[in-house]
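Predicted, not measured: the structure shown is a model, and the values here were computed from it.
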Amino acid sequence: MSTPPYLQLNTVLQNFAEIPADEIQKLNQTFYPLPLTAGEFFIQAGDIPWQIGFVISGILRLYYVNSSGTEFIKSFCPEKHFVAAYSALILKQPAQFSIEALEDSLLLVADYDKFTQLCAGHSCWQTIKHKFLEALYLKKEKREAELLLDDATTRYQKFLAEYPHLDHRVRQYHIASYLGISPVSLSRIRKNFPPD
């Protein structure tokens, strides 16, 4: 029987495909708990990553830093989401961005090579991996379109829809960075939205 943290992981993956009980057991043996305190890194830019994580509680941010030291937030990763520097994992190269906990967080993490071995077994994992990669690609394409085509107010509206309640858990300058605008511009936009 799965303990509560593993139950979250199992439930999310079973939304993609039916997983036999013995495969669930293998999955739960592959992942282990990793607590992170606010401000602690799961991955730092320049490191070669080797883990994939699943967020049980808390929020992480994925962000780039340019040569001038300016930060650009790529995405947020709240509960029930997988997190990793996927390109760097696959290519076994240094990560170009960092992943930092914005709150005290609990992750379930796995060695990516062991997770890959698991996925090479039962056919359910192939289905899950395929659907997961599809979802990741669609999210990436949607994010690119928003940055290129939407005005700042529309981007903020979509942020609120994609990340419900995150507006009150994440610092405003982090949200502004994610939207590609200044904190002052975000403050102006938020004045037009009624409080929850």
Side-chain angles (χ1 to χ4, degrees), residues 2-13 27-119 129 132-133 135-136 139-140 143 147 156 159-160 162-183 186:
S2 300
T3 57
Y6 287 90
L7 196 56
Q8 276 192 50
L9 173 65
N10 302 161
T11 302
V12 166
L13 290 179
L27 174 74
N28 294 350
Q29 289 169 349
T30 303
F31 282 80
Y32 59 91
L34 175 69
L36 294 174
T37 57
E40 192 173 356
F41 289 94
F42 178 55
I43 292 167
Q44 283 189 280
D47 292 345
I48 297 176
W50 55 276
Q51 291 176 311
I52 184 171
F54 179 80
V55 183
I56 298 297
S57 62
I59 307 169
L60 288 84
R61 68 170 177 143
L62 290 67
Y63 70 99
Y64 295 94
V65 180
N66 69 12
S67 57
S68 303
T70 305
E71 295 179 356
F72 299 91
I73 294 185
K74 172 181 178 345
S75 63
F76 296 103
C77 195
E79 294 86 354
K80 299 182 181 178
H81 285 74
F82 282 93
V83 63
Y86 293 105
S87 297
L89 264 178
I90 293 164
L91 298 172
K92 299 189 184 302
Q93 293 180 351
Q96 292 185 298
F97 58 85
S98 298
I99 302 176
E100 177 194 19
L102 294 178
E103 297 177 346
D104 290 347
S105 303
L106 175 64
L107 278 64
L108 291 177
V109 300
D111 179 308
Y112 184 68
D113 288 339
K114 290 181 180 177
F115 182 66
T116 301
Q117 288 171 13
L118 174 69
C119 290
K129 193 173 181 182
F132 177 74
L133 290 174
L136 201 63
K139 182 178 179 181
K140 182 178 179 351
R143 170 81 167 134
L147 288 171
Y156 182 62
F159 164 80
L160 294 176
E162 183 172 357
Y163 298 109
H165 312 299
L166 223 62
D167 191 41
H168 303 295
R169 294 172 63 188
V170 174
R171 293 181 185 275
Q172 294 306 300
Y173 68 85
H174 284 150
I175 297 172
S177 173
Y178 173 78
L179 298 175
I181 60 176
S182 71
L186 177 59

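For L147 against L179, the heavy-atom pair with the smallest separation is CD2-O, 4.1 Å. Shortest non-hydrogen contact noted between Y173 and P183 is CB-CG, 4.0 Å. Nearest heavy atom pair, residue L166 against residue P78, reads CD1-CB, 4.2 Å. When all heavy atoms are compared, the tightest approach of G46 to P94 is O-CB, 3.4 Å. The minimum heavy-atom distance between A84 and Q51, with the atom names listed, is CB-O, 4.1 Å. The minimum heavy-atom distance linking L186 with A176 is given by the pair CD2-N, 3.7 Å.
To the nearest 0.5 Å, the span separating NZ on K114 from OG1 on T30 amounts to 8.0 Å. Atoms CG and CG, from L118 and D111 in turn, are 12.0 Å apart once rounded to the nearest 0.5 Å. A distance of 4.0 Å separates CD1 in I175 from CD in Q172, rounded to the nearest 0.5 Å. How far CZ of F76 is from CG of L62: 10.0 Å, rounded to the nearest 0.5 Å. In this structure, the separation between CG on D104 and CD on E40 is 9.5 Å, given to the nearest 0.5 Å.
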With side-chain contact (heavy atoms from CB on, under 4.5 Å) as the criterion, how do F42 and L107 come out once you've worked through the C-alpha distance, each side chain's angles and the decisive distance to 0.1 Å? CA-CA 9 Å; F42 178 55; L107 278 64; 4.0 Å; yes
Should L102 and V170 be marked as a side-chain contact (heavy atoms from CB on, under 4.5 Å) after you check the CA-CA gap, both sets of side-chain angles, and the distance that decides it? CA-CA 7 Å; L102 294 178; V170 174; 4.3 Å; yes
Start with the C-alpha distance between V109 and Y32, add both sets of side-chain angles, then the distance that settles side-chain contact (heavy atoms from CB on, under 4.5 Å), and finish with yes or no. CA-CA 5 Å; V109 300; Y32 59 91; 3.3 Å; yes
Does the side-chain contact (heavy atoms from CB on, under 4.5 Å) test come out yes or no for L13 and L27, once each step is laid out? CA-CA 10 Å; L13 290 179; L27 174 74; 3.6 Å; yes
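Checked against V55 for a side chain to side chain contact (heavy atoms under 4.5 Å, CB included), the options L108, L106, L9, L60 give a single hit: L60.
Residues I48 and Q93 have side chains not in contact (no heavy-atom distance under 4.5 Å, counting atoms from C-beta outward). Contact of the V65 side chain with the F97 side chain is not registered, since no non-hydrogen atoms from C-beta on lie closer than 4.5 Å.
Side chain of N66 to main chain of S68: a donor-acceptor pair is present (N/O by atom type, distance under 3.5 Å, no hydrogens or angles). The main-chain N or O of L36 is never found under 3.5 Å from a side-chain atom of S105 such that the two would form a donor-acceptor pair.
Residue pairs meeting the side-chain hydrogen bond (donor to acceptor under 3.5 Å, both in side chains) criterion with at least one member in residues 56-65, sequence neighbours excluded, are R61-E71, R61-E100. The side-chain hydrogen bond (donor to acceptor under 3.5 Å, both in side chains) contacts involving residues 73-92 comprise E79-R169, K92-D113, where partners must be two or more places apart or lie in separate chains.
With ring centers used as reference points, Y6 lies 6.0 Å or more from F31.
Ring orientation note: the planes of Y163 and Y178 are nearly perpendicular, at an angle over 60° on the 30°/60° scale.
The side chain to side chain contact (heavy atoms under 4.5 Å, CB included) search around T116 returns Y112, not counting sequence neighbours.
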